[in-house]
Amino acid sequence: MGADQHLDWRNIAASTLDWWLEAGVDTLVEERPRDWLVPDALPAPAPLPPAAPAAAPNPGYPVTYEEFLAYRMGDQAPDAKWALARVAPSGDPATAALMVLTDVPEEADAAAGHLLAGPEGRLLDRMLAAIGLAREQTLIASVCVARPLAGRVPRASATELEAMARHLVGIVRPRRLLLLGQIASRAVLGSKAGAHGDCSDVLSDDNLACKAVATYHPRVLLERPMCKAEAWRDLQLLIEENDA
């Protein structure tokens, strides 16, 4: 990919090692003993899960990415009246290896012009690097395009905003989906939302057959570093291939 040629891979590697150390990976061993004198067999590459079928379009919502993005950044949604500054999704849905869904723009995002621009974003970049991805290979979107005054999604607006976020996931049809925090998880999974872990089966049951994992939001990991070990296990689930 052309964008990859400009990445500083040395810094990315160092950042990945830092993330692993913070997540508790401090030595290169496996949980089960193995004979290191026996060469590893090279497994055949597992195929990616099939692309998710498009969700049934909600009445009144555009069904193409460009049209929906224009609609979403307009004045129709509940969050349009919260702030003049709105932050659009970033990334190319046609080429992104991963879709990331967060809840609301952070305080620094509007000025930067993209989501997760501050400390939370720098931690996310390290998380992505730890599984071999860069931000340029992802599509990052949020349940809200404007930041609420209290930094939390108002309950009165949550239902419609979550419906639009789920509609966006249906349009993008990601092969892999990372849900940051309970608001993003609930927007996609509804009442079946969990704090973290593999959600692929839940999505399959609801006609969105992609590899999906919910994990802690980076802002939670910054406040509670002890959760990074669980977040690392979630990231590993995201890159595991199905046996079937």
Side-chain angles (χ1 to χ4, degrees), residues 11-12 15-25 78-79 82-83 85-91 96 98-131 133-155 157-158 161-162 164-166 168-169 174 176-189 193-199 212-238:
N11 287 338
I12 289 175
S15 179
T16 301
L17 291 174
D18 288 341
W19 163 256
W20 284 342
L21 287 173
E22 291 183 12
V25 182
D79 52 353
W82 297 350
R86 301 164 198 171
V87 188
S90 60
L98 171 71
M99 179 177 181
V100 178
L101 184 67
T102 184
D103 49 6
V104 300
E106 303 298 329
E107 293 182 353
D109 293 355
H114 62 86
L115 292 165
L116 294 166
E120 300 85 0
R122 289 191 289 273
L123 179 55
L124 175 65
D125 290 341
R126 292 166 62 186
M127 294 167 68
L128 294 174
I131 56 173
L133 292 175
R135 184 182 287 247
E136 291 80 1
Q137 297 171 279
T138 65
L139 185 145
I140 302 178
S142 56
V143 175
C144 306
V145 298
R147 182 174 176 82
L149 291 177
R152 298 179 180 179
V153 182
R155 185 174 301 178
S157 306
L161 292 169
E162 290 169 1
M164 287 191 286
R166 180 168 183 80
L168 176 61
V169 172
R176 289 185 171 87
L177 174 64
L178 181 62
L179 304 167
L180 300 179
Q182 291 196 353
I183 296 297
S185 179
R186 189 177 65 196
V188 177
L189 305 176
H196 61 96
D198 193 344
C199 307
V213 170
T215 193
Y216 297 100
H217 196 285
R219 79 172 70 94
V220 174
L221 298 178
L222 291 172
E223 295 171 356
R224 290 183 276 171
M226 70 286 294
C227 295
K228 288 184 177 180
E230 291 181 84
W232 170 237
R233 287 192 287 269
D234 295 336
L235 292 175
Q236 289 177 303
L237 291 172
L238 189 66

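Just so you know, these numbers come straight off a predicted model, no measurement behind them. If you read the sequence from its start, that first residue is 1, and numbering goes on from there.
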Show the atom names and distances, to 0.1 Å, of all donor-acceptor pairs under 3.5 Å that link a side chain in residues 140-150 to residues at least two apart or in another chain.
| unit_1 | atom_1 | unit_2 | atom_2 | d |
| --- | --- | --- | --- | --- |
| Ser142 | OG | Cys144 | O | 2.5 |
| Arg147 | NH1 | Pro105 | O | 2.8 |

Could you list the donor-acceptor pairs under 3.5 angstrom formed by side chains in residues 109-119, with sequence neighbours left out?
| unit_1 | atom_1 | unit_2 | atom_2 | d |
| --- | --- | --- | --- | --- |
| Asp109 | OD1 | Leu116 | N | 3.2 |
| Asp109 | OD1 | Ala117 | N | 2.9 |
| Asp109 | OD2 | Glu106 | N | 2.7 |
| Asp109 | OD2 | Leu116 | N | 2.9 |

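Rounding to the nearest 0.5 Å gives a distance of 9.5 Å between OG1 of Thr138 and CG of Leu178. Here the straight-line distance linking atom CG of Leu128 with atom CD of Gln137 works out to 9.0 Å at 0.5 Å rounding. The structure places CD of Glu120 at 7.0 Å from NE2 of His217, a figure rounded to the nearest 0.5 Å. Note that OG1 of Thr215 and CG of Leu179 are 9.5 Å apart. Values are rounded to the nearest 0.5 Å. If you take CZ on Arg152 and CG on Asp103, they are separated by 10.5 Å, rounding to the nearest 0.5 Å.
Residues that satisfy the salt bridge (charged side-chain N to carboxylate O under 4.0 Å, His left out) test with Arg135, not counting sequence neighbours, are Asp125. Not counting sequence neighbours, the partners of Arg224 by the side-chain contact (heavy atoms from CB on, under 4.5 Å) test are Val220, Met226, Cys227. Residues satisfying the side-chain contact (heavy atoms from CB on, under 4.5 Å) criterion with Arg233, sequence neighbours excluded, are Ala229, Glu230, Gln236. By the side-chain contact (heavy atoms from CB on, under 4.5 Å) test, Ala96 is found to be paired with Leu139, residues two or more places apart in sequence or in another chain being considered.
Contact check for Leu221 versus Met127: side-chain heavy atoms found under the 4.5 Å cut-off. Here the side chains of Met164 and Leu161 are in contact, with some heavy-atom distance below 4.5 Å. Put simply, the side chain of Val104 reaches to within 4.5 Å of the side chain of Val153, judged on heavy atoms. Between Leu98 and Leu238 there is a side-chain heavy-atom pair separated by less than 4.5 Å. Using a 4.5 Å heavy-atom cutoff, the side chains of Met99 and Leu168 are in contact.
Residues Tyr216 and Leu180 approach most closely at O-CD2, 4.1 Å, considering heavy atoms. Of all heavy-atom pairs between Leu189 and Cys199, the closest is CD1-SG, 3.5 Å.
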